Number of protein chains: 2
Amino acid sequence: MTLSEENYLKALYHLAKDAKEAVSTNAIAEVMETKASSVTDMIKRLSEKKLVKYKRYQGAKLTEEGKLYAVNVIRKHRLWEVFLVEKLNFSWDEVHEVAEQLEHIKSDKLIEELDVFLDYPSVDPHGDPIPDKHGNIQPLPKVLLATLKVGEKGVCVGVKNSSKEFLQYLDKLEISLGNELTVLSKEPFDNSVSIGMGNTKISVSSLTANNLYVKKV
Amino acid sequence: MTLSEENYLKALYHLAKDAKEAVSTNAIAEVMETKASSVTDMIKRLSEKKLVKYKRYQGAKLTEEGKLYAVNVIRKHRLWEVFLVEKLNFSWDEVHEVAEQLEHIKSDKLIEELDVFLDYPSVDPHGDPIPDKHGNIQPLPKVLLATLKVGEKGVCVGVKNSSKEFLQYLDKLEISLGNELTVLSKEPFDNSVSIGMGNTKISVSSLTANNLYVKKV
DNA sequence: ATTAAAATTTAGACAAAGCTAAAAATTTAT
DNA sequence: ATAAATTTTTAGCTTTGTCTAAATTTTAAT
Ligand SMILES: [Mn+2]
Ligand SMILES: [Mn+2]
Ligand SMILES: [Mn+2]
Ligand SMILES: [Mn+2]
């Protein structure tokens, strides 16, 4: 499997996660930052290899084999992200690009030993679960901050949007995973949320509250 | 720079190390396990990029810029080999293939932090020196076991041939880097060398003695 | 000094992965 | 039910890196 094929499988996986139906050519083209015609070519190749189910004009869908392959790449990506943060002093907004490269290194021993070395982490620096070596993913109970009612408490456990911009903004607000917060009030006008954290009190926009996962406590 | 270009630069560097003259197309083709015609194409591309000096039918030679690039890839290769052995329980005969992949990961921070994490190692698991970030290589004083005279002592510090077969053979003989040995006798008939190591005494072939580096003590 | 052999380069093809422009199918709007 | 708009596919071209076969240059042998 080539690097490019692996990236398409990953994209297919992430796009199909919620939607159960086949994924459209354009949707893939958008996340892959490429042209629809290129997507059609690649989907045909992956279909030849039985990793994707494809009917002309009807979109694409991972087969079980394709899904397993995709999950394995995601496992590598997330383990490397943990390594970069825990061992090499990377911050959570710096790891993604490097992990995008490292996830394509081919060596079973490498990834198993990395898992041992990191002491079997269950989530990556963005709170995303790390699939085990069989491709099983432990889903953690988490909800968006925006869904908490006034008075409820939660611990930050993940981000939905893990763009550099959002992560750096959270850093500026001193919001880190593990922090406990309380919803003090919600503003009906713009859906902003006022939260208490430690002994500070801040207000975050609706957009922010809809991209930060918490675990209710 | 592509992965393939980087591999050619590395090959050029290793081939030109001893020989000061230009490297022949066939010599490159051999180590790259490819055809001479492919080498000609690539050398032209690298020449366009000013990384290689090239005159038709006259072989190729790295420019200063090309040499620096090559040394940097070698630095990455060797640091990753140290990581694999020291942190991930790889043995010295398992690291090369994986390091061949890891050496192409592009991230300055990654390699600098890896160097810090490993505490600035000076040699890789095969005793080869690790260039510093400026491309300087500290040459260690080492000689082939075959050059020691009867009665002389040495510490194993490296291998000239680092093929899996040779490394595994050394493992079987329980010869590791750091071991001290004494030359007990040399057999004129086949140039084999009898050595004492700890409280054992073994005889190694001329070929072996010509591929094991020691530091005289 | 020719000729033969070996090394090197060129020409032409191919696969992967991308692109643009045009054609075809599907979806949406009237 | 047509027509218009959108989506998707096809056709043809490009680049990287490889190959084989043929041509060229260099080196070695008579
Ligand atoms: Mn990531
Ligand atoms: Mn992540
Ligand atoms: Mn190596
Ligand atoms: Mn090595």
Side-chain angles (χ1 to χ4, degrees), chain A residues 1-13 15-16 19-62 66 69-70 73 97 100-101 103-106, chain B residues 1-16 19-62 66 69-70 73 100-101 103-106:
Chain A
M1 293 285 290
T2 68
L3 183 147
S4 195
E5 288 173 332
E6 291 186 343
N7 284 337
Y8 273 92
L9 291 181
K10 239 189 354 161
L12 259 299
Y13 181 86
L15 284 167
K20 279 287 163 175
E21 325 89 52
V23 179
S24 80
T25 303
N26 268 357
I28 301 168
E30 178 153 4
V31 307
M32 293 295 295
E33 294 180 47
T34 183
K35 294 294 146 77
S37 55
S38 306
V39 173
T40 301
D41 282 355
M42 179 58 90
I43 290 300
K44 280 182 187 163
R45 271 199 290 278
L46 292 173
S47 179
E48 287 291 313
K49 297 192 179 186
K50 307 280 184 205
L51 295 164
V52 157
K53 233 171 301 173
Y54 168 68
K55 269 208 288 288
R56 269 161 84 255
Y57 292 100
Q58 309 299 196
K61 211 165 156 287
L62 289 176
Y69 201 107
V73 176
E97 294 94 321
E100 281 293 314
Q101 299 179 61
E103 71 188 6
H104 302 293
I105 303 290
K106 280 158 190 73
Chain B
M1 293 284 290
T2 69
L3 183 146
S4 195
E5 288 174 330
E6 291 186 343
N7 284 337
Y8 273 91
L9 291 182
K10 239 190 353 161
L12 259 299
Y13 180 86
H14 286 307
L15 283 168
K20 278 287 164 175
E21 324 88 53
V23 178
S24 79
T25 303
N26 269 358
I28 301 168
E30 178 152 5
V31 308
M32 292 296 293
E33 294 181 48
T34 184
K35 293 293 146 79
S37 55
S38 306
V39 173
T40 301
D41 281 355
M42 180 57 91
I43 290 300
K44 280 182 187 164
R45 271 199 290 278
L46 292 173
S47 178
E48 287 292 312
K49 297 192 179 186
K50 307 282 184 202
L51 295 164
V52 157
K53 235 171 300 172
Y54 168 68
K55 269 207 290 286
R56 269 161 84 254
Y57 292 99
Q58 308 299 178
K61 211 163 157 296
L62 288 176
Y69 201 107
V73 175
E100 282 293 315
Q101 299 178 60
E103 71 188 5
H104 302 291
I105 302 290
K106 278 158 191 72

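Labels below follow one simple rule: chain letters A, B, ... track the order of the sequence lines, proteins then strands, and each chain is numbered from 1. None of these values were measured; they are calculated from a predicted model.
- Rounded to an integer number of Å, the gap from A/Gln58 CD to D/dT9 C1' is 13 Å.
- Between the side chain of A/Tyr57 and the base of D/dT7 there is no donor-acceptor pair of N/O atoms closer than 3.5 Å.
- A/Asn26 has no side-chain polar atom (N or O) that falls below the 4.0 Å cut-off from OP1 or OP2 of D/dT6.
- For A/Thr40, no side-chain nitrogen or oxygen approaches OP1 or OP2 of D/dT10 to under 4.0 Å.
- One interatomic measurement links the two molecules: NE2 of B/His104 to P of D/dG17, which rounds to 12 Å at whole-angstrom precision.
- Here OG1 of A/Thr25 is found 10.0 Å from CD of A/Gln58. Values are rounded to the nearest 0.5 Å.
- Put simply, CG on A/Leu12 and OH on A/Tyr54 are 12.0 Å apart, with the number rounded to the nearest 0.5 Å.
- Between the CD atom of A/Glu30 and the C1' atom of D/dT7 there is a distance of 14 Å, rounded to whole Å.
- Taking side-chain N and O atoms only, A/Arg56 has a distance below 4.0 Å to OP1 or OP2 of D/dT10.
- When atom types are taken as modelled, the side chain of A/Lys50 and the backbone of A/Glu48 share no donor-acceptor pair closer than 3.5 angstrom.
- Note that CD of B/Glu5 and CG of B/Leu51 are 7.5 Å apart. Values are rounded to the nearest 0.5 Å.
- Between B/Glu6 atom CD and D/dG17 atom P there is a gap of 11 Å when expressed in whole angstrom units.
- Of the inter-residue distances, the one linking A/Asn7 atom CG with A/His104 atom NE2 reads 3.5 Å to the nearest 0.5 angstrom.
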In 5'-to-3' order, the base (B), backbone-only (S) or no-contact (-) status of each nucleotide in nucleotides 14-19 of chain C, using a 4.0 angstrom heavy-atom cut-off, is ---SSB
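- Between the NZ atom in A/Lys44 and the OG1 atom in A/Thr40 there is a gap of 6.5 Å [rounded to 0.5 Å].
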